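Values reported hereafter were calculated over all heavy atoms of this structure, with side chains retained and with hydrogens, waters and symmetry mates removed. Predicted model only: the values in this text are computed from it and were never measured. Order of the sequence lines fixes the chain letters, A, B, ..., with proteins taken first and strands second; residue numbering starts at 1 for each chain.
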Amino acid sequence: MDGGEFHASVYEAVRQIPPGRVTSYRSYHDSGHIALLISMPRHARHVGNALKFLPEDTDVPWQRVIGASGQISSRGPGTTGAERQRAALEDEGVVVQEMRVNLNQFGWFPASL
DNA sequence: TTATTGACGGACG
DNA sequence: ACGTCCGCCAATA
């Protein structure tokens with residue numbers, strides 16, 4: 001699997017996340033999460049990297065991928081990505097408090113696709 | 001070729 | 001709940 005296929009696999013998996021639900025790059029939950037769903041469980045960091053390459057107008061629901069602790073990841077000081085993610089999630093009904101989501105309520109962790 | 005860097009995750013204090 | 005370290009691995013310097 002080359003880099004392009006990796007990105008495509010990530011996007012395909014992310015598209016499966018239902019509206020109003022969130023999942024993680026790779027979580028301690030036995031089932032679910034993007035890196036496991038594409039059979040590359042140790043590539044959590046690269047899942048985030050793939051999302052970084054998405055254009056502004058993509059239809060891939062990137063906002064539904066957050067950290068395993070429920071945290072919306074910071075993009076670093078002076079960036080607005082995390083804030084846009086919070087707004088996008090709230091728009092579809094996800095409750096965000098202090099930049100974090102309750103995974104017990106909104107988490108989506110299927111065993112497979 | 002070696003060192004650093006990440007939209008990360010987990011163990012541990 | 002939080003900070004610190006360590007494991008991870010492709011890209012980049």
S73(A) vs dC8(B): side-chain N/O to OP1/OP2 distance below 4.0 Å: yes
Which whole-number value in Å describes the distance from [X] [atom1] to [N] [atom2]?
X	N	atom1	atom2	value
R64(A)	dA7(B)	CZ	C1'	17 Å
Q71(A)	dG6(B)	CD	P	18 Å
Y25(A)	dG10(B)	OH	C1'	17 Å
F6(A)	dA11(C)	CZ	C1'	13 Å
H7(A)	dA7(B)	NE2	P	13 Å

Salt bridge or not between R15(A) and E12(A)? Use side-chain N to carboxylate O under 4.0 Å. no
So F6(A) and H46(A), would you call those rings parallel, tilted or perpendicular, with 30° and 60° as cut-offs? perpendicular
Quick check: are there more than 12 heavy atoms from other residues, nucleotides or ligands sitting under 6.0 Å from CD of Q97(A)? no
Using a heavy-atom cut-off of under 4.0 Å over every strand shown, decide if G81(A) touches base, sugar-phosphate, or nothing. nothing
Tell me the partner of dA7(B), counting only Watson-Crick (N1-N3 plus N6-O4 or O6-N4) or G-U wobble (N1-O2 and O6-N3) with both under 3.5 Å; none if nothing fits. none
Using heavy atoms to find the nearest nucleotide of DNA chain C for N49(A) and R100(A) separately, return the residue whose nucleotide is more 5′. R100(A)
Qualifying residue, where the test is side chain to side chain contact (heavy atoms under 4.5 Å, CB included) with V65(A) and the options are I72(A), I17(A), V22(A): I17(A)
Given Q71(A), R86(A), R100(A), Q85(A), the one that forms side chain to side chain contact (heavy atoms under 4.5 Å, CB included) with I66(A): Q85(A)
From S9(A) atom OG to I34(A) atom CD1, the distance as rounded to the nearest 0.5 Å: 11.0 Å
Sub-3.5 Å pairs of nitrogen or oxygen atoms, protein against nucleotides 6-10 of chain C:
{"unit_1": "dG7(C)", "atom_1": "O6", "unit_2": "R45(A)", "atom_2": "NH1", "d": "3.4"}
{"unit_1": "dC8(C)", "atom_1": "N3", "unit_2": "R45(A)", "atom_2": "NH1", "d": "3.3"}
{"unit_1": "dC9(C)", "atom_1": "OP1", "unit_2": "R42(A)", "atom_2": "NE", "d": "2.9"}
{"unit_1": "dC9(C)", "atom_1": "O4'", "unit_2": "H46(A)", "atom_2": "NE2", "d": "3.4"}
{"unit_1": "dC9(C)", "atom_1": "O2", "unit_2": "H46(A)", "atom_2": "NE2", "d": "3.2"}

